[in-house]
**Student:** 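Take this structure first; my questions come after.
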Amino acid sequence: MNKVKGLLIISCYNNKLCSLLLESIFKHMIIYKINEKNLIYLKIPGSLEFSWIIKKLLNFNFINFIFVLGIIIKGKTIHYKLVSNISYYYINKLSYNINIPLINLLITINNVNQFLNRIKYNILNSIYNILKISNLNKILLWELQQIN
Ligand SMILES: Nc1c(NC[C@H](O)[C@H](O)[C@H](O)CO)[nH]c(=O)[nH]c1=O
Ligand SMILES: CC(=O)[C@@H](O)COP(=O)(O)O
């Protein structure tokens, strides 16, 4: 998987959880032989910033997939629901309008325990999707070239 050139964009609203997520991602990237050198990392303050930052970054056409990572955690009010709904809506909308794969691992949780219980499964699933989708994308591109 050395040819994967991905943008890994992570919202670090909660620094501790963000570090745990990144640590786990790196560990699994190694297991799946995704070369870290082929990834560009970008930390953003919170999930609401995803859509406009990704939109700006799409001007750089060397990126061939985007991996969105972040944690939205319940606070004392329903604010987290708004952040979660809006972020998901715009990330998903964006993914329809771009022609590179976008894998979304934005986790919405009620508490830290939920995060710790799900992190491994969610990451494995997303990395598997990256491999699957980037292969699928290669096939699609190849097929498009045959048509043109
Ligand atoms: N509460 C969470 C946020 N909120 C912050 C917003 O995403 C945004 O950065 C801020 O309102 C400034 O525009 N972000 C998360 O990623 N996770 C949360 O739990
Ligand atoms: C401002 C936020 O994103 C978040 O901290 C809100 O938390 P709370 O629901 O406890 O006000």
Side-chain angles (χ1 to χ4, degrees), residues 1-138 140-141:
M1 282 311 298
N2 281 340
K3 293 208 178 81
V4 171
K5 281 248 183 285
L7 167 69
L8 192 153
I9 177 163
I10 179 160
S11 70
C12 283
Y13 180 76
N14 179 314
N15 275 323
K16 207 169 156 198
L17 297 184
C18 172
S19 303
L20 278 175
L21 187 57
L22 270 180
E23 209 176 281
S24 197
I25 285 286
F26 290 141
K27 206 169 79 192
H28 291 96
M29 291 272 186
I30 295 168
I31 296 172
Y32 281 89
K33 295 190 171 60
I34 295 180
N35 192 340
E36 269 186 48
K37 285 185 188 142
N38 290 329
L39 296 170
I40 302 154
Y41 297 93
L42 184 67
K43 276 190 189 180
I44 61 170
S47 301
L48 287 182
E49 278 72 61
F50 273 125
S51 56
W52 70 265
I53 292 180
I54 294 174
K55 218 167 161 186
K56 290 247 179 269
L57 288 167
L58 287 172
N59 294 327
F60 301 102
N61 55 10
F62 52 83
I63 294 165
N64 60 20
F65 80 86
I66 297 175
F67 191 10
V68 168
L69 287 160
I71 304 124
I72 298 169
I73 187 158
K74 187 178 185 312
K76 293 205 164 42
T77 68
I78 61 154
H79 184 86
Y80 80 107
K81 284 192 183 172
L82 302 177
V83 175
S84 181
N85 287 342
I86 294 172
S87 304
Y88 266 92
Y89 174 78
Y90 281 106
I91 291 168
N92 212 41
K93 192 169 172 206
L94 197 61
S95 75
Y96 278 109
N97 295 319
I98 57 180
N99 55 10
I100 54 171
L102 185 151
I103 295 98
N104 187 358
L105 182 53
L106 185 53
I107 304 169
T108 302
I109 42 157
N110 289 318
N111 51 54
V112 177
N113 268 349
Q114 279 189 344
F115 171 76
L116 297 174
N117 290 335
R118 281 163 177 75
I119 180 169
K120 192 175 166 199
Y121 170 77
N122 286 351
I123 288 177
L124 284 178
N125 218 13
S126 299
I127 293 184
Y128 181 65
N129 281 342
I130 290 178
L131 299 174
K132 223 165 49 180
I133 289 175
S134 55
N135 275 335
L136 189 70
N137 203 40
K138 267 182 228 149
L140 281 176
L141 286 175

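Both ligands and their constituent atoms are indexed starting at 1 by order of listing.
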**Student:** Which residue and atom name correspond to the protein heavy atom nearest atom 19 (O) of ligand 1, and how close is it?
**Tutor:** Ile73 N, 2.9 Å
**Student:** For ligand 1, indicate whether the residue Ile72 contacts it via side chain, backbone, both or neither (heavy-atom separation under 4.0 Å).
**Tutor:** both
**Student:** For the residue pair Phe115 and Ile73, establish whether any side-chain heavy-atom pair is separated by less than 4.5 Å.
**Tutor:** no
**Student:** Give the residue and atom name of whichever protein heavy atom lies nearest to atom 12 (C) of ligand 1, and the separation in Å to one decimal.
**Tutor:** Glu49 OE2, 3.5 Å
**Student:** Given side chains that start at C-beta, do those of Tyr90 and Leu94 come closer than 4.5 Å, heavy atoms only?
**Tutor:** no
**Student:** Are the side chains of Phe50 and Ser11 in touch, meaning some heavy atoms are under 4.5 Å apart?
**Tutor:** yes
**Student:** Is Ile10 close to Ile25 at the side-chain level, that is, under 4.5 Å between some pair of heavy atoms?
**Tutor:** no
**Student:** Which ligand 1 atoms are under 4.0 Å away from a heavy-atom of Ser11?
**Tutor:** 16 (O)
**Student:** For Gly46, take its heavy atoms, then give the atoms of ligand 1 lying under 4.0 Å from any of them.
**Tutor:** 7 (O), 9 (O), 14 (N), 16 (O)
**Student:** What about Leu48: any of its N or O atoms under 3.5 Å from an N or O on ligand 1?
**Tutor:** yes
**Student:** Would you confirm whether Ser84, through its side chain, and Tyr80, through its main-chain N or O, come within 3.5 Å as a donor-acceptor pair?
**Tutor:** no
**Student:** Is the closest N or O pair between Ser47 and ligand 1 shorter than 3.5 Å?
**Tutor:** yes
**Student:** Closest non-hydrogen protein atom to atom 18 (C) of ligand 1, residue and atom name please, with distance?
**Tutor:** Tyr13 CD2, 3.3 Å
**Student:** Looking at Tyr13 and Gly46, what are the two nearest heavy atoms and their distance?
**Tutor:** CB-CA, 4.4 Å
**Student:** How about OH on Tyr41, more than 12 heavy atoms from neighbouring residues, nucleotides or ligands closer than 6.0 Å, or not?
**Tutor:** yes
**Student:** Which pairs of N or O atoms, one from ligand 2 and one from the protein, are separated by less than 3.5 Å, and what is the distance for each pair?
**Tutor:**
| residue | atom | partner | partner atom | Å |
| --- | --- | --- | --- | --- |
| ligand 2 | 3 (O) | Tyr13 | OH | 3.2 |
| ligand 2 | 3 (O) | His79 | NE2 | 3.1 |
| ligand 2 | 5 (O) | Tyr13 | OH | 2.3 |
| ligand 2 | 9 (O) | Lys76 | N | 3.2 |
| ligand 2 | 9 (O) | Thr77 | N | 2.8 |
| ligand 2 | 9 (O) | Thr77 | OG1 | 2.4 |
| ligand 2 | 10 (O) | Lys76 | N | 2.6 |
| ligand 2 | 11 (O) | Thr77 | OG1 | 3.4 |

**Student:** If we only count heavy atoms from C-beta on, is the Leu22 to Lys43 side-chain gap below 4.5 Å?
**Tutor:** yes
**Student:** Are the side chains of Asn104 and Asn92 in touch, meaning some heavy atoms are under 4.5 Å apart?
**Tutor:** no
**Student:** Flag the pair Ile119 / Ile107 as yes when at least one side-chain heavy-atom distance between them is below 4.5 Å, and no otherwise.
**Tutor:** no
**Student:** With a cut-off of 4.0 Å, which atoms of ligand 1 are near a heavy atom of Ile71?
**Tutor:** 15 (C), 16 (O), 17 (N), 18 (C), 19 (O)
**Student:** Between Asn14 and ligand 1, which residue portion shows a heavy-atom distance shorter than 4.0 Å: side chain, backbone, both, or neither?
**Tutor:** neither
**Student:** Any heavy-atom pair between the side chains of Leu48 and Ser87 that's under 4.5 Å?
**Tutor:** yes
